[in-house]
Structures are given as C-alpha cells and as structure tokens.
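This report refers to the structure that appears directly beneath it.
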Amino acid sequence: MKFLRKQIDKVKPFFDKGGKYEKFGPAFAGFETFLYVPNHTTSKGAHIRDGVDLKRVMMIVVLALLPALIFGTWNIGYQNMGDGHSFWEYFSFGGIRILPMIIISYGVGLGIEFAYAVFRGHSVNEGYLVTGLLIPMIMPIDMPLWMLTISVVFAVIIGKEAFGGTGMNILNPALVARAFALFSYAPFMSGSTVWVADSVVDGVSGETVLGVLAANNIPTTSVYDMFMGFMPGSIGETSVLMILIGAAFLLFTGMASWRIMLSSLIGASIMGFVFNLIGSDTNELFNYPWWKHLLVGGFAFGIVFMATDPVTAAQTTKGKWIYGFLIGIFAILIRIINPTLPEGMMMAILLMNVFAPTIDHYVIESNIKKRKKRLQKIKA
Amino acid sequence: MSKDIRIKKGLTIKLKGKAQQKLSSVSRSNTFVIKPSNFYGIIPKMIVKVGEKVQVGDIVFYAKHNDQIKFTSPVSGVVKEIIRGARRKILSIEITAEAKDTYKDFGTKTPNKLTVPLVKELLLESGCWAYIKQRPYDIIANPDEQPKAIFISAYATAPLSADINFTLSGKENEFQTGIEVLSKLTEGNVHLSVDSKNSSFFNDVQGVSLHKVSGKHPAGNVGVHISRVDPVNVGEKVWVVQPQDVVVIGKLFLTGKYDPTKIIALAGSQVEDPQYYTVIQGAQIKDIVKGRLVNEKNRIISGNPLSGEAVTERDTIGFYDNLITVLPEGDHYTFFGWMPFFGNDKFSMSRTFFSFLTPNKEYKLDTNFNGEDRAMVVTGEMEKVMPIDIYPMQLLKATLVGDIEKMENLGIYEVAPEDFALIDFVSSSKIEAQDIIRQGIDLMIKEVG
C-alpha cells in the first residue's frame, strides 16, 4: 500500500493549487479520498472527531441494500425461468441483465457528479453512491438502457445538482429518476409485461399483485411468496424479508430513522384498515386486507430506503413522526383510489419530500412559541 | 433546596490517559505569560511597559470597551516582552519572574460586611472580575449589570477532565467565602451543580441552591444546568463562575492577596504519567510538560479535547482551564479508512465500527479529521448529543446565514460554543459547530449588544 501512496503523492502536486491540472483537483481528490481517508487534522473546534464520515454512512446504506439486490437478481431469473433450475442459473440470468443497469447508473451519475465538482470547484460528494444503486433497483428489469441513462441524467442534474448537490436537494433523486421515467416512458414502466425479464418474448405472465388488483381481479400470490419476494416487481422491491434485513442493519448502525419507518407503517396500516371498513363492490383494492398492503408493491422498500433519506425527509424528531405517518397514509390512499397508478409509494414519498420543510417549520415554530411564552411569563 | 438534574442525551467519550489522583508541583517558571485571547472579546489597553516591575495583583492591562475590567499580574517580576501580531494586536505579555512572589495587599475583608459596590471594586481591582462570565455570549460579565442568578458547575463530564473534588480538596473555607462574595452580586440564587455520585466536598457549602446532576457529557456543562433550572430569556443575564476560580475569589477576601495558584490535571494518551500538578496561572506550558510526554508529534491542548484550545510550549494554560490534554497528531492517511467495520481503534457514536462492542474501553484518539467536511446530510445525530431544548441543526443553519431574528428565536442566547462541542465530534459531515456558534455570538454582540 505504501507503493500506491507514494505514486499518489508523486502526482498530487499537479492537482494542487498552482499545479498544472489544478482545475481537475476536485476529481483527483475524489479518487484519492476514495482510496485513503486524508491526513487532515482538526484545526478548530473539537480536537478529536468521531470515526464516522459521509463515505462510511453511504457505504452502510449500500451494504443494507445488498440483500435485496442479491435476492432481486436471483428473482429476475426465477420469474423468467420458473421452477426447476439451479441458484446459479437464476442468478446469472438476472446478473447479466442487472449489471449493465448498475454500471450505467453509476457511470453516468458519477460522471456528472465529477464534472460538476470540476466545474464548480467543490469536492465530490458521496450521496450518489446510494442513489446510483437505488435507481436500478426501483426500475423494471426490461427497461431499455438509454431510457435509464436519460432518467439518471435528469435525476442528477435537475433533481440534485440544480439545487446545489448532495444535502441541498428537495426530492429524493432516485425517485426523481423513476418519476421521470414513468411519465416519459409509461409503456415501459407499467402494465403487465414489464416486470419480468423478456416476458413478451417468452410469453411469461408478469402482473404484479397491485396490477392484478387494479384490474379488479383477486391476486393468487400467497402471503409466503409476498413476504419472501417470489413475485414480479421492480428488482429491489419484492422481498420484504430481504428489505427487513437491510432495515435491521440500518437501524442497528443508527443510520436511518426508526421513527420514519414505524410511523409510515402505522399510517399505512390505519389507512388500509379504514378502506377495509368502507369496502367497495367496484374496487377490489378497498377490500384487500390492510396488512397485505404492507407486503406488496414498493411499500417496504420505500419506507426503509427512500422515505428515510435524511436530506429529503423531515429533519426534526417530531417532524419525522408526522412525515412518516403521512407517507403511509398517502401511499395507500393513492394506491387504492387513484385509477392511473397501481402503486402509490413513489408519489407519496415525493409529495411528502415537498412538504417536509413545511412540517419542520411548524415543529420548530412550536419550540419558538414555547420560548416566547416563557419570556412573557417573566415579563408579566 | 435541592433539585436533581438528569441528562439523558449526550455522549461520554472515554480516552486513555486520565489523570491519577496524585499531586506534584512543577518547578517555578522563569517566564510567565498572560494571553489576552483567553478573555474572549477583550481588546487590551496596556498599563505597564516593557521593563517595568510588577507585583502579584498589579494591573497589567484593562479592557478597551470597559475600563473597569482590569487584568492583573499572576506573578511578581519584570515585564519582559509584549508580543504583537498582525495590526499590532497583542498576542501575549511575558513577565520574567522573581524567585519569590511579593503580593499587592488588598486587605482582608468579610464579604457580608461590605456593600455591593465595594465587593465589585475589590474584584475589579484585583483582576478577579475576569473569572465571572456571563451567559448569553460566554464573555466576561459587565460589572454595571445584575444577573438574575449565578451558576457554578462542579461537575466535569468532558473527556479527561480534572476531578473537581480532588482539585478543590482542603479549600472548603476559601470556596465558602467565594460563594458569599458571589451571593452579594445577585438578588437571585447562586446555583451549585454537583456530581450526583460524588459530591463530598460540596455537602456543607452554605448559601447555594444545590443541584445533583447525572448523565453523559455534556451533563456537566453549565449551559445545560441553566437551561434546566432557569433558562436565559431575551435581555436576561446569568453569570457563571468555575469552582476553582471561586476559590481564588475566596482567597482574595480571606488573605487580601490575589493568588491564582491552581491544581491542574495533565492528561491524555501522550502523557507518561498523567496526574495533577500545582501551578500558578501564567506558567509556561513547557515547564509543565517538560519530560512528561511521549516523544512524538503531539498536540498540546489547554482544556479538554472537545472545546480546548491548541497551545504551543511558549503559551500558558488558559485562564479558565484546569486541564492540559496532550494527544497524538493524526496527520496520516488511512487506506480505505471509510470501510464500515474496519479501523476499530476509532471511537464512534454510530455503530459503524466494532468499537460499539467495547463500551468501557479507553480510546487513544488522535487529531485526524476522520473524513472531509460536507454539506449537512445526516439528521438526528446532533439532537442525540444536545440536552438543551433547542434545535441545533436549525440554529446552526440560521447562524450560517446570519438571520438574527431566527437565531434569537431558536435560542442563541441559551448556548455557548462549548455546548456544541459534541456536535463537532459526532457530525458525519464534520460541521464546525463551535466555530459557527462563536461567529453567531460575535454577530449578536455586534448587532444586538
């Protein structure tokens, strides 16, 4: 490793201030700090610092995504080929299809991030490490790669960099990519043929549970299959079990808000339960048991990996409760009574992303009021 | 009257090299130093010139904004040098010490028999006024004002901090007298907060309202106690004094001498035999640490590792500090240092290191930044270490944009930089919270006063 360090130190002066390639300094620093946590020492404030940094935080989230990703890759093969094949056959079938998506997502997204860093002269932020993996995981597997490319470009430039980059964006960039793709290329993003690889060619039926319900039929998928994830859907979203493993990891390491996850769960349960009570003869979704709503579609994936994005979620503790609760409510509400979208999770999160600052505003306002009241009491 | 304060939020950082309860003295320094930067916001106006002779308690300089506030010599000797920096700013004043101190006599006094103006005058003339700081702003108190209460925190929770029961032992009388002096200065209470588990020294202190405090750091910060007992509102002032300084004030009234001798801890993983020393304020760092450190690239900090100030060997221990921490410098690269669950010699509040398995281990932390500064991304981590009823992230953001009304609303008056020290530590985006709050306070002083 000393050899590598020596090589880096040799070329580093070219990228430092006054060096030949000064302009590309941020990009060089991006690579250098990827390899080595730099030798910076504290210059003001606390002299010692916690070992955690943003790279570590983002890597934790990536690790948490891996169970769902690995299962999703396997499931692509399983959904296409059906029973009777080995794990590796399924996995390689899926791997061949998902790998290009991941490469494109990271390549294009990080390319733009580096370009922005160079042009704007700021350091490369780590936020895209997570976004870049999330995007392929919430897309249909048969999506043409050029569509994915354009969605990524849109998400990174309009969804994130336009606001100032990581930490400043209002909407979750991965969901921006998905929303963009959904509205731009609807035939490729919904319907009964997109959720299983090569379903048109191979004639495999690939309707999601929610798609079946939206068509007013009763789905036949068993609860076991829904929990384990043996059903069609976006790559990452199908297996509740794998998502729960990821969630447990996130909560254990303290990297995601349990308040958001729990309150979304409560919100969705209540909303589903209310619709169960109301019932309907014309809309089968009303009658779908509330607890099954939690197992299907992107709900589990959404509350664990999307709603908890700290940048776009509410930032105050009380705000997180409200934010999560409303995501749950809206996700089920959109699912059940919106005729055009079979799944409401994406819209619910994006909607609450927009309202998160408002929620925080009122939470903070109450703290301010308390302070003013205290003052009045003293004056009186 | 006693009320318990239990703090739930916070983080106790266990570091290697805690001072053993053993007391030695250091050899008397040849040169003593006064650093005006110890007194935040004070611009010194010199009274003495280079070559002039001073006694202990003679005025060296006064504050430009208020000539009542005077600063006196801790030692008798000859003014050797006035070191100036850019724009002739006075960085430090060095005094060549005589072998034995001669003291200016202020006369022994009984505080209860003096009028308030006389008490104030004695404190101001002797230089003891500088020990009294005010909240908001964490600056030296204005002698023309009257605080609604005075707070003393005798509970130190910061990493490596000196055990106050030990540093004060045997000084009950001086401490009690100091309390009597302080209670003359306010019509409100003098609040003394002590460690709920170990407060033997303070059991018999009269004339205070005693609070037993428990919890993780920053449970010992006086700002936390104020927020729990009697929070600062707009326009109100609270004064704070540190226990070892109460003793100096007490000594002044009992003996008529200004005697800034104190017991300090020399601690940290780079100290060979961490223990306590008796020093006179102003003694040079080099005389305190000489031969007592591991010979590596070290950082010497006056104060605790979270909110102390880095000093050189030519400097002195901070006026308000009773701890010198020595830590290894951390200017090294770590290969793939961000990989979760690797590099477990580091300490973290998050469970992204296996260090969470060993909560009682004492860590040898260095001054590495452990990352790079970033925009604020992760939420909730600041709140975990902020027991004061404010929204730290929102206050920091309001401060960054200089929105005075918002800062006021969000509670800038209730905080001091040291209350944000743990946020410096835990922030995964490496936010310089103490620096931001300090600048915010500067802005408030300038705009609101």
Side-chain angles (χ1 to χ4, degrees), chain A residues 1 4-5 8 29 33-60 63 123 125-127 164-168 252-255 257 259 310-311 313-317 320 360 363-365 367-368 370-372 374-375 378-379, chain B residues 13 231 233-234 236 299 301 305-308 310 327 329-340 343 346-353 365-372 374-380 383 389-391 393-394 409-411 421 424-430 432-435:
Chain A
M1 287 315 112
L4 183 63
R5 185 67 246 168
I8 292 176
T33 58
F34 176 77
L35 289 171
Y36 289 94
V37 168
N39 62 347
H40 303 165
T41 54
T42 52
S43 56
K44 48 188 172 187
H47 296 272
I48 50 173
R49 299 297 166 107
D50 194 298
V52 76
D53 67 344
L54 220 46
K55 279 197 181 67
R56 194 171 272 254
V57 171
M58 295 300 170
M59 280 314 290
I60 291 282
L63 287 179
S123 46
N125 269 321
E126 292 82 5
T166 302
M168 318 286 179
F252 180 76
T253 51
M255 287 301 134
S257 166
R259 294 182 179 91
V311 174
Q315 297 177 341
T316 55
T317 307
K320 281 174 183 164
D360 279 338
V363 171
I364 293 163
E365 204 62 27
N367 180 269
I368 293 174
K370 196 160 84 185
R371 190 163 284 118
K372 286 193 169 153
R374 199 174 70 202
L375 179 66
I378 296 215
K379 275 187 178 162
Chain B
I13 304 166
N233 295 299
V234 184
E236 289 180 337
R299 176 175 298 190
I301 301 156
L306 289 176
S307 52
L327 299 176
E329 281 288 1
D331 52 345
H332 52 76
Y333 292 92
T334 320
F335 188 62
F336 282 119
W338 45 269
M339 202 63 101
K346 283 177 183 158
F347 176 77
S348 176
M349 182 174 73
S350 68
R351 292 191 192 150
T352 60
F353 291 83
L365 298 186
D366 59 33
T367 63
N368 192 281
F369 209 47
N370 289 331
E372 292 166 283
R374 289 286 185 262
M376 294 184 212
V377 170
V378 178
T379 58
E383 287 78 2
D389 183 25
I390 57 163
Y391 282 97
M393 192 173 192
Q394 282 69 25
N409 284 338
L410 289 171
D424 274 3
F425 180 81
V426 300
S427 169
S428 55
S429 298
K430 311 292 171 190
E432 299 284 6
Q434 292 188 88
D435 190 51

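Below, chains carry the letters A, B, ... as their sequence lines are ordered, and counting in each starts from 1.
If you tally non-hydrogen atom pairs under 4.5 Å between each of A:Val311, A:Thr166, A:Leu35, A:Asn125 and chain B, the highest count goes to A:Leu35. Considering only heavy-atom pairs separated by less than 4.5 Å from chain A, the leading option among B:Ile390, B:Ile301, B:Ile13, B:Val378 is B:Ile301. The most heavy-atom pairs under 4.5 Å with chain B, out of A:Lys320, A:Met255, A:Arg259, come from A:Lys320. Contact count against chain A (heavy-atom pairs under 4.5 Å) is highest for B:Ser428 among B:Ser428, B:Ser427, B:Pro231. Of all the listed residues (A:Gly167, A:Ala313, A:Pro38), the one sharing the greatest number of non-hydrogen pairs under 4.5 Å with chain B is A:Pro38. Options B:Met376, B:Lys346, B:Glu383, B:Gln394 differ in how many heavy-atom pairs under 4.5 Å they form with chain A, and the most are formed by B:Gln394. Interface summary for chain B: among A:Thr253, A:Asn367, A:Asp50, the most heavy-atom pairs under 4.5 angstrom belong to A:Asp50. When A:Ile368, A:Leu375, A:Ile48 are compared by the number of non-hydrogen pairs under 4.5 Å with chain B, A:Ile48 comes out ahead.
Both the backbone and the side chain of B:Leu410 come within contact range of chain A, each with at least one heavy atom under 4.5 Å from a heavy atom of that chain. For B:Leu327, the part sitting under 4.5 Å from any heavy atom of chain A is the side chain, from C-beta outward, and nothing else. The contact between B:Ala310 and chain A is made by backbone and side chain atoms together, counting heavy-atom distances below 4.5 Å. B:Asp389 touches chain A through backbone and side chain together, each having a heavy atom under 4.5 Å away. Looking at B:Tyr333, both its backbone and its side chain come within 4.5 Å of chain A, counting heavy atoms on both sides. Residue contact with chain A, scored on non-hydrogen atoms closer than 4.5 Å, involves the backbone and the side chain of B:Asn409 alike. For A:Ile378, the part sitting under 4.5 Å from any heavy atom of chain B is the side chain, from C-beta outward, and nothing else.
Side chains of A:Arg56 and B:Ser350: a donor-acceptor N/O pair is absent below 3.5 angstrom, by distance only.
Side-chain atoms of B:Met349 and A:Val52, non-hydrogen and from C-beta on, never get closer than 4.5 Å to each other. B:Asn370 places none of its side-chain heavy atoms less than 4.5 Å from the side chain of A:Asp53.
In plain terms, the two heavy atoms of B:Asn233 and A:Arg371 that are nearest each other are OD1-O, 4.2 Å.
When atom types are taken as modelled, the side chain of A:His40 and the backbone of B:Glu372 share no donor-acceptor pair closer than 3.5 angstrom. Using a distance-only test at 3.5 Å, with no hydrogens or angles considered, no donor-acceptor pair links the side chain of A:Arg49 to the main chain of B:Thr367.
Residues satisfying the side-chain hydrogen bond (donor to acceptor under 3.5 Å, both in side chains) test with A:Asp360, not counting sequence neighbours, are A:Thr316.
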(request) Could you give me the CA-CA distance, side-chain angles and deciding distance for A:Tyr36 and B:Phe336, then say whether ring pair (Phe, Tyr, Trp, His ring centres under 6.0 Å) is met? (result) CA-CA 5 Å; A:Tyr36 289 94; B:Phe336 282 119; 7.9 Å; no
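Atoms CZ and CD, on A:Phe34 and A:Glu126 in that order, are 10.5 Å from each other to the nearest 0.5 Å. With rounding to the nearest 0.5 Å, the separation of CZ in B:Arg374 from OG in A:Ser123 is 4.0 Å.
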